[in-house]
Amino acid sequence: MPELPEVETIARKLASVLTGQTIVHVEVLWERTIARPTPDAFRTKLVGAGVLEVGRRGKYIQTTLSTGQTLLVHLRMSGKFVVSTDGPGDDRHARLRLHLADGTWVVYVDPRKFGRFYLVDDPCEVTGTLGPEPLSADFTAEWLTAQLARRRGEIKRLLLDQRFIAGLGNIYVSEALWQAGIHPQRAAESLTPAEAQRLHAAIVTVLHEAVADGGTSLADRQYVYPDGGLGQHQAHLHVYDRAGERCPRCGYTVERIVQGQRSTYFCPVCQTER
DNA sequence: CAACCGACCTGTTCGC
DNA sequence: TGCGAACAGGTCGGTT
């Protein structure tokens, strides 16, 4: 579920809880939550580890440990963290629990069981195939223009490919294409340099604004942060999940189509086919 | 490569 | 009210 802005928000909140702490106890409640190493090795290597730093790469939360290893978490569709100072709780969807030296519990909750933890020597084992960070200096309009010219697929689907750019997901791709005025079914290579430039600016702007809002919490999907808070960006979405409503720019009706078995929302007037 | 499919999972909403 | 279908912020692996 979470995309870059939500993962960034979660990583910041977790950083304030975990940084400087020592993990004293690990409970794995759903073994497949641990992608690698084995659940037993994961527990053994994590107990006693201190947390030096918590950050983000793409949609991964990345935690540097005193043991030299790195703990990475991908929340996929329904993963979330819950922090508690009075006991481990009893959420039926809890998949992993970390007990910290000061008594705090950090509980990983994931109804759909898609999320995965990785404990590795080198984070590149997990994040090495990711494309550039869209909010870093690596991501430039020139780079995007040159890359798009060599890709034949639909622009919407390309932007969801984490090997191309890391961190965009279904919400922010729809929003960025709307912002740039580009139809989601356009072939990537058909974008003009001016359009590529607009798309670059739109991606950066949309992500910056969403991070500033603490991400998006769609009401019916109960997206909650480690401290129980909600993001605020849902109030500022222009097209995502708004099929049948008016385009805020031109007033025409927002449409929903399916690309790659996933919903895309766009304005057929503002986002032209060619 | 690309397009397309199912798989991984459970919960909620929608349509009849 | 009930029940199945559709849908959900993600990714991987397989086939054509």
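Every chain is numbered from 1, with letters handed out A, B, ... down the list of sequences.
- Remark: ring of A:Phe114 does not overlap the six-membered base ring of B:dC9 in a stacked fashion, as centroids less than 5.5 Å apart with planes less than 30° apart are not both met.
- For A:His74, the listed nucleotide lying nearest its side chain is C:dT11; candidates were B:dC9, C:dC7, C:dT11.
- Within the 4.0 Å cut-off from OP1 or OP2 of B:dC9, not a single side-chain nitrogen or oxygen of A:Arg95 is found.
- For the pair A:Pro111 and A:Arg152, nearest-nucleotide mapping onto DNA chain B gives the more 5' position to A:Arg152.
- Remark: C:dA6 base-pairs with B:dT12. Criterion, Watson-Crick or G-U wobble with two distances under 3.5 Å.
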| Worked verdict on A:Glu189 versus A:Arg150 for salt bridge (Lys or Arg N to Asp or Glu O under 4.0 Å) | CA-CA 6 Å; A:Glu189 65 178 355; A:Arg150 328 201 260 108; over 6 Å; no
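- A salt bridge does not link A:Asp110 to A:Arg95: none of the charged side-chain nitrogens sits closer than 4.0 Å to a carboxylate oxygen.
- Here A:His93 does not reach the OP1 or OP2 of B:dT10: none of its side-chain N or O atoms lies under 4.0 Å away.
- Computed from coordinates, the A:Glu189 CD to B:dA2 C1' distance equals 12 Å when rounded to whole Å.
- The side chain of A:Arg151 lies closest to B:dA2, out of C:dG9, B:dA2, B:dG11.
- A:Phe81 has its ring centre no less than 6.0 Å from the ring centre of A:Tyr225.
- Taking the six-membered ring for Trp and the full ring otherwise, the centers of A:Trp178 and A:Tyr252 sit at least 6.0 Å from each other.
- Here A:Arg116 lies out of heavy-atom contact (under 4.0 Å) with every strand.
- For A:Tyr240 and C:dG9, the shortest distance from a side-chain N or O to OP1 or OP2 is below 4.0 Å.
- Summarising the geometry, the separation between CG on A:Asp110 and C1' on C:dT11 is reported as 13 Å, rounded to the nearest angstrom.
- Note: CG (A:Leu237) to C1' (C:dG9) measures 11 Å, nearest angstrom.
- Applying the 4.0 Å criterion to OP1 and OP2 of B:dC4, one finds that A:Gln261 has every side-chain N and O outside that range.
- Regarding A:Leu159, its CG atom lies at a distance of 16 Å from the P atom of C:dG9, rounded to whole Å.
- If you take atom P in B:dC1 and the same atom in C:dC12, they sit 16 Å apart, rounded to whole Å.
- Protein atom CZ of A:Arg92 is 9 Å distant from nucleotide atom C1' of B:dT10, rounded to whole Å.
- Taking 4.0 angstrom as the limit, A:Lys113 places a side-chain polar atom (N or O) nearer than this to OP1 or OP2 of B:dT10.
- Within the 4.0 angstrom heavy-atom criterion, only backbone atoms of the sugar-phosphate kind lie near A:Arg256; the bases stay farther away.
- Of the candidate nucleotides C:dG9, B:dC5, B:dA2, C:dG9 has the atom nearest to the side chain of A:Arg262.
- Atoms CD (A:Gln162) and P (C:dG9) sit 14 Å apart, rounded to a whole Å.
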| message | Between A:Arg43 and A:Glu27, does the salt bridge (Lys or Arg N to Asp or Glu O under 4.0 Å) criterion hold? Intermediate values first, please. | response | CA-CA 8 Å; A:Arg43 271 185 292 260; A:Glu27 292 175 9; over 6 Å; no
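- For the pair A:Gln259 CD and B:dA2 C1', the computed distance is 14 Å after rounding to whole Å.
- As rounded to whole Å, 17 Å separates atom P of C:dA8 from atom NZ of A:Lys80.
- Among the protein residues, A:Arg150 comes within range of no part of the nucleic acid, since none of its heavy atoms lies under 4.0 Å from any strand.
- In this structure, A:Ser263 reaches the sugar-phosphate backbone alone: every heavy-atom distance under 4.0 Å involves primed, P, OP1 or OP2 atoms, never a base.
- The side chain of A:Asn170 lies closest to C:dG10 when the candidates are C:dA8, C:dG10, B:dC9.
- A close approach under 4.0 Å does not occur between any side-chain nitrogen or oxygen of A:Arg112 and OP1 or OP2 of C:dT11.
- No salt bridge links A:Lys59 with A:Glu3; every basic N to acidic carboxylate O contact stays at or beyond 4.0 Å.
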